[in-house]
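Note sheet for the following structure.
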Amino acid sequence: MDFLKIEEKWRKKWEDERADSFDVRRADKKKYVLEMFSYPSGANLHLGHWYNFGLTDVYARLLRMQGFEVFHPMGFDAFGLPAENYAIKTGIHPKDSTEKNIKTMEGQLRNMGASFDWDYEIKTCDPEYYKWTQWIFLQLYKHGLAEQKLAPVNWCPSCNTVIANEQVVDGCCERCGAVVERREMRQWFLKITKYAEELLDGLDTIDWPEKTKIMQRNWIGKSYGGTVTFDLANGGSFDVFTTRADTLFGCSYVVLAPEHPLVREITTDECKAAVENYRAEAARQSEIDRTSTVKEKTGVFTGAYAINPVNGRKVPVWIADYVLATYGTGAVMAVPAHDTRDYDFAVKYGLPIERVVKSADGAPDDLPYVEYGVAVNSGFADGMKTEDAKNAILDYLAGKGKGGKKTTYRLRDWSVSRQRYWGAPIPMIHCERCGAVPVSEKDLPVKLPYNVDFKPKGKSPLGANEEYMNCTCPKCGGPARRDPDTLDTFVCSSWYYLRYPNAKNDKQAFDTEWTDKLLPVDTYVGGAEHACMHLLYARFITKALRDMGYLHFDEPFKKLVHQGVILGPDGKRMSKTRGNIINPDDYVSVYGSDVFKMYLCFAFSYTEGGPFSTDGIAPIAKYLDRAERIVTKAIDGKGIAPADDKARADLEYAVNYAAKCCGADIAAFSFNTAVARLMELTNAMYKYDTADDALYNAAVTFVKLVAPITPHVAEELWERLGNKDSVLRQPYPVADESKLARSLIEMPVQLMGRFKGTVNIAPDATEAEATAAALALLELPAAKKVIYKPGKILNIIV
RNA sequence: GCCCGAAUGGCGGAAUGGCAGACGCGACGGACUUAAAAUCCGUUUGUGGAAACACAGUGUCGGUUCAAGUCCGACUUCGGGCACCA
C-alpha cells in the first residue's frame, strides 16, 4: 500500500469535513481525553510525543466509535527555562524561537493524523492565556493562599544570577563552573500545605496507578508525633518535632538546622567562628547530599544549652546539616541510643548514649535499637509500651505547656517566584507605603515586555527594565514598583485543563457552568515523572478554586495513565550527549503515521516503555499489506454463501474473540495485545481461505477493529469495501458471545499441583464428571482430594 | 542516600495464584519461481530421546501455598522522582 498517499487523501478529507470537531450539543456524552501538553523546547516532535499523543489518540478514537463525544484538545506549555537559556546563548528572543517551534510542532501534530480539535488550542505564553494565570494568582492571594517568605535559591556569584537546580552540576554552575551558593530571597509561595490533608484523602477517590498514589502519599509525608519545647538555659526556647516522644528521657543533645533563625542569637563567642564556617559550608550543599544516610554526619557545638522538659537535664545545642530547616520545626532532639543518625553523630563527637527502650520479648536489642519495645530509665513512663509511652509523655508535656501531640507533613509550600524572563509576570506591585498590593483585575494581563535584556546581571531580567518596573500603586496612587519575577511554569500548567473548554472565552478564565459540564478530565495521560509535582499542583489548584466557588468538583483527573519511557537503541535514556536520539520523522516520512503508530502500539508494553529498535517497523508495514490482501480477497466473496460449517464457525470464533478483546485492550492501554488479537484475526482469515460472505463479514469487522489504530488505512479499506461514510463513525464491534461458546473445553489436569495434561469436558461439567475424566487421564483409581475450578484447572491430590 | 517501579527464549513482549513463552521479529525448513525478491505454509526455551515422553527453566538467595513469573522477606542490576528542567 502507498501509505503516504493514502494518508494525505484521508487527512484532507477529515479536515474538509472537520471530522474531529467536538460537538457541544452532545456534551452529555462527553469523554474528556487529555495528554500532558508539550513543551516546545526543540523544533520537532520527539519520540515521547508520538508515544504519548499518538497512542492516546488510538484510545480517543475507540471512545468515539463507542458512541462518546470525545473532547481531545492540544496546546503548548510554552514558557520555560530552555527557551531563555537558548536566547542567552544565541541571542534569539524566547518569544521568536518558541513561536517558531510551536508552528513546526503544530504541522507535525496535524500530520500525525490524530483527532485533535484545534479550535480549542492554547499556548501558555499567549497574553490571552497568561492573563488568566495571573487572575488565578490574584484569587489565591485574595483568599490567603499566596504569601511572601524568605527562601533559598541557587546563586552563582560568577554569572551573578539565580540558577536552577538543573544547572547546578556537582555544586558548581554548569555555565561557568563557579561554586554555587544558597542565598535567601524574598519569594511568593502558594500555600499548598493548607490542602495537605485533603490532597491525601482525595487519592482514595481517583482511578490512578497505585504507585503514583504511593509517591504522592510519601511526598505529602504525613507523620504523627508531637512537639517538645526546650527552654534555653540563657532564656528563650524552641520546639522540636519528634515521632518518638517515648525516647525523650534518652535525649542527650539537641540539633538545630544550620539555617535555624535562633542559631545566630544563641551561639557563644568562643563558638562563633566554627558555627559561621559550618553554616557557610552547609549553604553549599544540596538537600540530597545533606540528607544522605551514608554521608558521615558532621556538626558543631553552639556553646548553648537547653533544658529537657521531662527531666530538667541540661543538654548541649548543636547544629548539623542533616537537620533541614524546611521540615518539622527545623530542630530535632537527639536520642543516640534509638536513632542511627544520632548514634553515629554521638559516637563521633563523644556525646552520651543512654538506653531508654528495651525489646519487649527479649529479642536482641543492641544499640542503636530503633524498634518499638518497652520504656526503661524513663521516670513515670517506665514499663510502658512504646505507643503508650509516646502518649503519656506528650500528655505530660501538654499539661505543662511544653508541647503535645502534633501531625506534621513533609509537603512544603510551593515556591512560585522565578528570577527569570520567559514566564508569566507576577501580578503584584510593591509600594513603599502599602506594601505588596495586587494588580487590579481590570489591568490584567500584566504584559511581558518584548524588549528586555534577559542576559544575567544580578537581578531578574524584568527588574532592569525601568519602563516595566515603574508603576503606580493601585491602593494609594503613589509611585511603586512591579514584582520583577515571573511565575513558575508549573503555575501555567496547573490549570490548563480548565482553560481548554474555554479557550476562546475572553471574559473569564472559565465559565463555571460550562466547565462543570466538561470536567473533570476523564482520562489523563502523561509521564510518571510528573507524579509528585505537576499532578499535585493541579489537584491543589482545583481544590482551591472549588473552595472559592468557581468549580464544583474535587479532583481534576478521574483516571490517570502513565506512558513508559522509550529509551535509545542502546537501552539508555535518549540524550544529545549520548548521541542516541531517534527522530520519528525519519520513519514517519518513509512509512507514514499509521505504520509508525501501530509499531509503537505493538513493540512496547505501554506503561513500561523500553529500548527503541528499528527492526519492528518494516514488519508492521508488511502486516498491513498482508491485511490489505485478505480484505481485497474478501471483497470478491461478497454475496457468496458460505459452504463449510466447521470452518465458518472457527472463523466466526476468531472474529468475535478479536472483537471481545480488541476494544477492551485498547481501553486498558494494552495496545500491544490489541494488535496481537488483530494479527490472530487476519491469520484466521488466511486459514479460512475462501472468498465468501463469512470472509467478507470478517473483513468488515476487522476494518472497524483496526480503525482506531490505523485510521487512514482503515478508511481506505472501508471505502474499498463499498462504503461511502467514514469507518471512524461506525459503532465499534461488540462480540457475539454465542459464537464464542464451545461444546467442549480443554481442562488442564494437575496432579499434586503439577500439570499432567488436558481433558475435554463440557464447560458446565460437574466436579464428579470432571474428576472422572481426570482420573481416567492419569489412570488412577481415586483421589484423596480434588480442587476443581471450572474453566480453570482440576487438581488431583492423592 | 531516600521514595517509586522493572527484570520472562537469540530479540520485542504475553500470561484475574492454575498448561510459562500469546502475538511478532530473527533463524531454519517447505511451496511457488529458470533463479532471486515478494508471497503463502510449517518448525523454533534448553538438555536427553527417532518418537512418545522425561527433566530443567521467568535476575540471585530464602519463604508461604495443593499450585508461584505472579504473594512475602533479603539482595543485585537497570529506570523514574527528590521540590528552580518540564
Side-chain angles (χ1 to χ4, degrees), chain A residues 36-39 41 77 79-82 85 151-154 162-168 187 192 209-219 221 286-295 326 410-420 488-490 492-493 526-534 536-537 562 564-565 567 571-573 602-605 607-613 615-616 618-620 622-623 625-626 629 670 672-680 683 686-687 689 746-758 784-787 789 792-797:
Chain A
M36 291 180 185
F37 60 172
S38 51
Y39 178 74
S41 66
D77 189 13
F79 276 135
L81 188 63
N85 285 341
V153 293
N154 300 308
V162 172
I163 61 173
N165 282 347
E166 186 195 44
Q167 299 171 291
V168 181
Q187 315 205 41
I192 190 172
E210 204 49 45
K211 62 170 183 174
T212 309
K213 292 187 184 181
I214 293 169
M215 279 193 272
Q216 288 211 351
R217 282 192 194 105
N218 291 340
W219 187 267
S286 73
E287 288 192 357
I288 292 175
D289 294 335
R290 281 174 56 168
T291 53
S292 167
T293 51
V294 289
K295 192 193 120 195
T326 47
R410 204 182 69 99
L411 182 68
R412 311 207 290 248
D413 279 332
W414 174 14
S415 152
V416 295
S417 293
R418 297 291 181 270
Q419 293 71 42
R420 294 191 216 296
D488 177 10
T489 55
F490 275 125
C492 305
S493 61
E529 67 273 18
H530 292 290
C532 292
M533 301 177 71
H534 163 62
L536 201 58
Y537 296 148
H562 293 307
V565 178
L567 306 171
K572 305 275 177 209
R573 193 175 177 77
F602 189 57
F604 305 92
S605 162
T607 55
E608 297 301 323
F612 181 88
S613 158
D615 297 345
I620 293 290
K622 278 191 185 178
Y623 168 72
D625 283 333
R626 177 175 156 88
R629 282 190 293 274
S670 177
N672 54 350
T673 54
V675 173
R677 298 295 89 83
L678 288 169
M679 288 173 168
E680 284 168 356
N683 287 346
Y686 270 93
K687 193 168 182 190
D689 201 35
E746 259 193 3
M747 165 70 79
V749 175
Q750 297 177 348
L751 180 63
M752 310 293 287
R754 280 182 74 88
F755 173 75
K756 287 292 167 191
T758 59
K784 195 196 250 168
K785 192 180 155 194
V786 173
I787 297 167
K789 302 216 171 152
K792 216 181 255 175
I793 52 108
L794 189 136
N795 186 14
I796 301 279
I797 294 170

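Note that this is a predicted model, so its numbers are computed, not measured. What's counted below: heavy atoms across the whole structure, side chains too, no hydrogens, waters or symmetry copies. Note on naming: letters A, B, ... go to the chains in the order of the sequence lines (proteins, then strands), and numbering restarts at 1 for each one.
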What is the distance from CD of Glu680(A) to C1' of rC23(B), rounded to the nearest Å?
6 Å
Look at the side chain of Arg418(A) and decide which nucleotide, out of rC85(B), rA14(B), rC84(B), has an atom nearest to it.
rC84(B)
Selection from rC4(B), rG24(B), rC84(B) that lies nearest to any side-chain heavy atom of Asn218(A)
rC4(B)
Watson-Crick and G-U pairing of RNA chain B, under 3.5 Å, as dot-bracket with | and [ ]
(((((((..(((.....[....)))((((((.......))))))((((....))))..(((((..]....))))))))))))....
Is it the case that the side chain of Asp77(A) and the backbone of Ser38(A) share a donor-acceptor pair, with hydrogens and angles ignored and the cut-off at 3.5 Å?
no
Selected nucleotide, minimal atom distance to Arg626(A) side chain, candidates rA15(B), rC41(B), rC85(B):
rC41(B)
Heavy atoms under 4.0 Å is the rule here; annotate nucleotides 71-82 of chain B 5' to 3' with B where the base is hit, S where only the sugar-phosphate is, and - elsewhere.
---------BSB
Can any side-chain N or O of Gln187(A) pair as donor or acceptor with the backbone N or O of Val416(A) at less than 3.5 Å?
no
Could you pick out which residue, Lys756(A) or Ser605(A), lies toward the 5' side of RNA chain B when each is mapped onto its nearest nucleotide?
Ser605(A)
Among rG12(B), rA14(B), rC4(B), the one nearest Lys211(A) by side-chain distance:
rC4(B)
Please enumerate all protein N or O atoms sitting under 3.5 Å from an N or O of nucleotides 65-67 of chain B, with distances to 0.1 Å.
from    : atom 1 : to        : atom 2 : distance (Å)
rC66(B) : O2'    : Met752(A) : O      : 3.2
rC66(B) : O2     : Asn795(A) : ND2    : 2.1

Return the value, rounded to whole Å, for the distance between atom OH of Tyr537(A) and atom C1' of rA86(B).
12 Å
Asn683(A) CG - rU39(B) C1' separation (whole Å)
14 Å
Distance, rounded to the nearest Å, where Phe604(A) contributes CZ and rA6(B) contributes P:
18 Å
Atom CD of Glu608(A) and atom P of rA15(B): how far apart are they, to the nearest Å?
11 Å
Any non-hydrogen side-chain atom of Asn683(A) less than 4.5 Å from a side-chain atom of Arg626(A)?
yes
Base rC19(B) to side chain Glu746(A), donor-acceptor N/O within 3.5 Å cut-off:
yes
